[in-house]
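On a predicted model such as this, the values are computed, not experimentally measured, just so you know. In what follows, every chain begins at residue 1, and chains take the letters A, B, ... in the order their sequences are listed.
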Amino acid sequence: MDKTYKPSALEQAWYQQWEQKGYFSPYQDGLNGPGYSIMIPPPNVTGSLHMGHAFQHTLQDALTRYKRMDGHKALWQVGTDHAGIATQMVVERKLAAEGQPDRHAMGRDTFIDKVWEWKEHSGGTITSQMRRLGNSVDWDTERFTMDDGFYKAVQEVFIRLYNDGLIYRGKRLVNWDPKLRTAISDVEVENHDKKGHMWHLRYPLADGAQTQDGKDYIVVATTRPETMLGDTGVAVNPEDPRYQHLIGKEVLLPLVDRRIPIVADEHADMEKGTGCVKITPAHDFNDYEVGKRNQLPMINILTFSADIRDEAQTFNSDGSVNDDISGFIPEKYRGMERFAARKAIVADLEEQGLVDSIKDHELSVPIGDRGGVVIEPMLTDQWYVDAKTMAKPAIEAVENGDIQFVPKSYENMYFSWMRDIQDWCISRQLWWGHRIPAWYDEEGNVYVGHDEAEVRSNNQLADDVELIQDEDVLDTWFSSALWTFGTLGWPNVDDPEVAQRLADFHPTDVLVTGFDIIFFWVARMAMMTMHFIKDENGKPQVPFKTVYVTGLIRDEVGEKMSKTRGNVLDPLDMIDGISLDELLAKRTGNMMQPKLAEKIAKRTQKEFPEGISPHGTDALRFTLAAMASTGRDINWDMKRLEGYRNFCNKLWNASRYVMLSVAGEEAVEKAAADGTPIDVTDDMKAACGANGEPGVLSLADRWIISRLQRAENEVRRHLDQYRFDMAAQALYEFIWNEYCDWYLELSKPVLWDQNASEEEKRGTRGTLVRVLEATLRLAHPIIPFITESIWQQVKELAGKADAGDTIMLADYPVAQPELMDAEAEADIAWLQGVITAVRNIRGEQNIPPSKPLELLFKNGDDDDFRRAEENQNFLMKLAKLEKLTWLNDGDEEPMSVTQLVGNMEVLIPMAGFIDKDAEVTRLNKSIEKLGKELERVNNKLGNPGFTDKAPAAVIDKEKEKAAGFERDIVKLKEQIEKIKAL
RNA sequence: AGGACUAUAGCUCAGUUGGUUAGAGCGCUACCUUGACAUGGUAGAGGUCCCCAGUUCAAAUCUGGGUAGUCCUACCA
């Protein structure tokens, strides 16, 4: 064993072994418990893992390893998502950069081939990152949302939903991304606040009509003046006295000179603006509804790129083509980009005196989450899922607790969306994705089926009827909604293997994911799964019993990590380290704007002047676990990572000490020099009592064994409750503050004592090794590599030669109540009190730690006598004493400095050496502190309300406290007097 | 506009059903190269638990109001 912990030397080798030996499989010897499963949220295949992934993966892996060690058939299902829009964009951009023809030029099939090529290349990034993170995923069943099996599942789901009447096609207004030229669903639209303008436009009244105040025009307000080319009406509120006489009259739409009616509709708000609203049903969601209610025609003035059309398309309010009305568009606007057209139209209206006013206006603009441009409501034919119907059981599942959110407050988010859900537009005008299994004949009739042949035979279509498959693909989230059961082999439920997997692993136990995809994914998985997967009683199965919602990983000042901010961190850089130059290149490479790159470079230099030093996977994982308090965003802190790297080093060195104590210096040094595990001999085993050789346990041994049981209980409890932070803290505390700080030190007086018997030494060596061995198993789910690495060396010494070849499959520790030892714990607490008291005096009085001291005890009770007697060895060594004596009543008391341990006084004679001022100050400070506490407690006890109503136990506790404070104060005051009298 | 979440040490955060002398890590101060570890050890300093009111014998914790911040949803003619 090396002197310092070097994670890079061991991590990758262990992972390879684990994977090769098949330890990640849920089906292997020793896993006889029930199934336990976690489905990984499939990362985008073209991407790479960021800190958020590392965080979520750590938690999933910790749970999986915990359950696997507990004997469950634990499956962590791995896979990636084809991410339609994102992937297609990436590949298109890459083709452009390489000067290759664009996708339209190369054709659909060729382009798809290119995407697959890219996927082969890019998919490896993610899987190799996952291996570095130590993820114990079942690689043998890795899935991809576009693989053959998934393709079948998606097709099957589409067809069945269509046949069930839950999927339909219709012409409606959808959110249209003019850059990507595809429809998107409402959840893919982000609303951004922006400063804009409100234009008040004058629409002249036709046929000489006038407003109440004698004007020959009415004023409408709009934030999108260019859409006026498609206006087909003006709405006023039916109750509005100002305009009632105008209902049914017409206005003459400027620029296009179209007569459009004034209609009464509640959508018009009397309080807002002028009370008159222009109605453009083809370009606004509200207007679309108003148009339908009032049978206004729809005029689409925009192309799919959101430019002004040469001639508008005209429809009736039911979506059918209307050839009667004119689609005329003035020549000068034809082909104009939408925002250019806005300027031109406003200018022309101004020229005609038709602009009443222009006001600044704060508005929120809909932006496509992928394309980043303003979304345009667009009238198109699309496929929809009847989400309202499908949401019902999914809502009930959360209401009745079949699905539980952790933290619970995310239920609100889920409910509020699900109870007001809109039908889900699932068709996308893309090439990369699951092509919609629908065919059209020349009359436009729709046939849905697995393939063309099936469609023909099912519908008795003759061979000469021409059929064309729908060009569109499905929303990526449509396929990922099937993730929990699609990955298990559905729909091939007749295959016994698939049936078994579904029985073992569905519903899954927990989904670990971010709150940002509750709508996109979690809700839709619930809907789809409950419709398709039923248990043996026909009851819909939920996809997961628990949804553990994580917060976001932010940077050290709480900003979201993003490429444009230049504050992203690659988890592998935390693990392996990275030089400043490389980090700069990584962060500023591929930057479009040089100015931004400069800013990012500056920030990076300031933040990481030396680059990043290597910390290892275990430290990274421990940090992420320790920071995972429920549902809170995490501000990433390199200091924290460093601290937990030190923790790993501590564990490493503690183990080194154990091995040195047990195997001897020679064996340990030799192994370190050769880089091999320590060669464990029979003698070493015998020295630890690995074969049941007799040993005697010291008080410290009994104590640490007892504390270990507590730690085991605690860590289990916290893991069961998804409190990874508390589990990590319990481990940290036990390993560092108890095992290392106290127990290892307490082992030395035994092991280094020439007078100690072999049985005593064996008892202590055995305890060192056994407690370490159990601790490693306890910590393994969070820090898999270091624990495996050390465990391999200690398992035999701990008498666990038959525990198997890997810690991954060793038993997870279970506390044994009979090993809890309250007396040992109380005794050691006393010992710690005395030792700390002595150290404290040393500190205050500037006595060097190397100087041996004489110690006097006074006022002890039976326990104090016994403890002092039994632990003399420990006391002498740890407090560095040369002499320890009891003062009896009436004994002459030498000039001393005092500390209190319970009732007992600990005195260090310091004739002539006392720093009087320092001591008096210290004592006064203690008295003052105690005095305040005493006052507080006495106030409480003097309050009849308290003494009458509080539980007796609480009152007794307060009384005890008061007595204790009083006693201590008296003693400290006496002490001051003595010192002053010097 | 509606809703959710957050506010505790210089920083990052714990604090379960009201009763703790309010904790941890990092940072800070002093001392220490003692035979696992300086990625270390020992001992310290450091808090108006955001503000105000209320409930209660008792509030960091429960209720109401306010302030500040984060986020979500909706709307914005």
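Between A/Arg723 and the phosphate of B/G15, there is a side-chain N or O to OP1/OP2 separation shorter than 4.0 Å. The side chain of A/Asn653 contributes no N or O atom lying less than 4.0 Å from OP1 or OP2 of B/G40. Under 4.0 angstrom from either OP1 or OP2 of B/C31 there lies no side-chain N or O belonging to A/Asn846. Side-chain nitrogen and oxygen atoms of A/Lys650 include at least one within less than 4.0 Å of the OP1 or OP2 phosphate oxygen of B/G41. Between A/Trp736 and B/G41, a side-chain N or O to OP1/OP2 separation shorter than 4.0 Å is present. Of the side-chain N and O atoms in A/Ser629, one or more sit less than 4.0 angstrom from OP1 or OP2 of B/A14. Applying the 4.0 Å criterion to OP1 and OP2 of B/U20, one finds that A/Lys957 has every side-chain N and O outside that range.
Side-chain to base pairing of A/Glu745 with B/A36: one donor and one acceptor N or O lie within less than 3.5 Å of each other.
The partner of B/U70 is B/A4, judged by Watson-Crick or G-U wobble contacts that both fall below 3.5 Å. With both pairing distances under 3.5 Å, B/U12 is matched to B/A24 as a Watson-Crick or G-U wobble pair. Under the Watson-Crick or G-U wobble criterion, with both distances below 3.5 Å, B/U29 is paired with B/A43. Across the strands present, B/A53 finds its partner in B/U63; the criterion is a Watson-Crick or G-U wobble pair with both atom distances under 3.5 angstrom.
For A/Gln729, counting side-chain heavy atoms from C-beta on, the closest listed nucleotide (B/U42, B/A24, B/U20) is B/A24. Side-chain proximity of A/Phe965 to B/G27, B/U21, B/U12: nearest is B/U21. Considering only the side chain of A/Asn635, B/C13 comes nearest among B/U21, B/A43, B/C13. Looking at the side chain of A/Lys961, the nearest of the listed nucleotides B/U20, B/C32, B/U42 is B/U20.
Rounded to whole Å, the C1' atom of B/C50 lies 39 Å from the corresponding atom of B/G40. Distance noted for atom P between B/C26 and B/A7: 23 Å (whole Å). Here the separation of B/U63 from B/G46, taken at their P atoms, is 33 Å to the nearest Å. For the P atoms, the distance from B/G18 to B/C11 is 30 Å, rounded to whole Å. Spacing of P atoms, B/A14 relative to B/U6, comes out at 9 Å, to the nearest Å. The same atom, C1', is picked in B/G27 and in B/A45; the two are 13 Å apart, to the nearest Å.
One N or O on the side chain of A/His615 and one on the backbone of A/Ser613 form a donor-acceptor pair closer than 3.5 Å.
Stacking is not found between A/Tyr657 and the pyrimidine-like six-membered ring of the B/G35 base under the 5.5 Å centre-distance and 30° plane-angle cut-offs.
For the pair A/Lys748 and A/Tyr657, the cation-pi test (distance below 6.0 Å, angle within 45°) is passed.
The CZ-P distance, from A/Arg656 to B/G40, rounds to 16 Å in whole Å. To the nearest angstrom, C1' of B/C11 lies 11 Å from NZ of A/Lys639. Rounding to whole angstrom units, CG of residue A/Asp420 and P of B/G3 are separated by 16 Å. Separating the CD atom of A/Glu642 from the P atom of B/U12 is a distance of 17 Å, rounded to the nearest angstrom.
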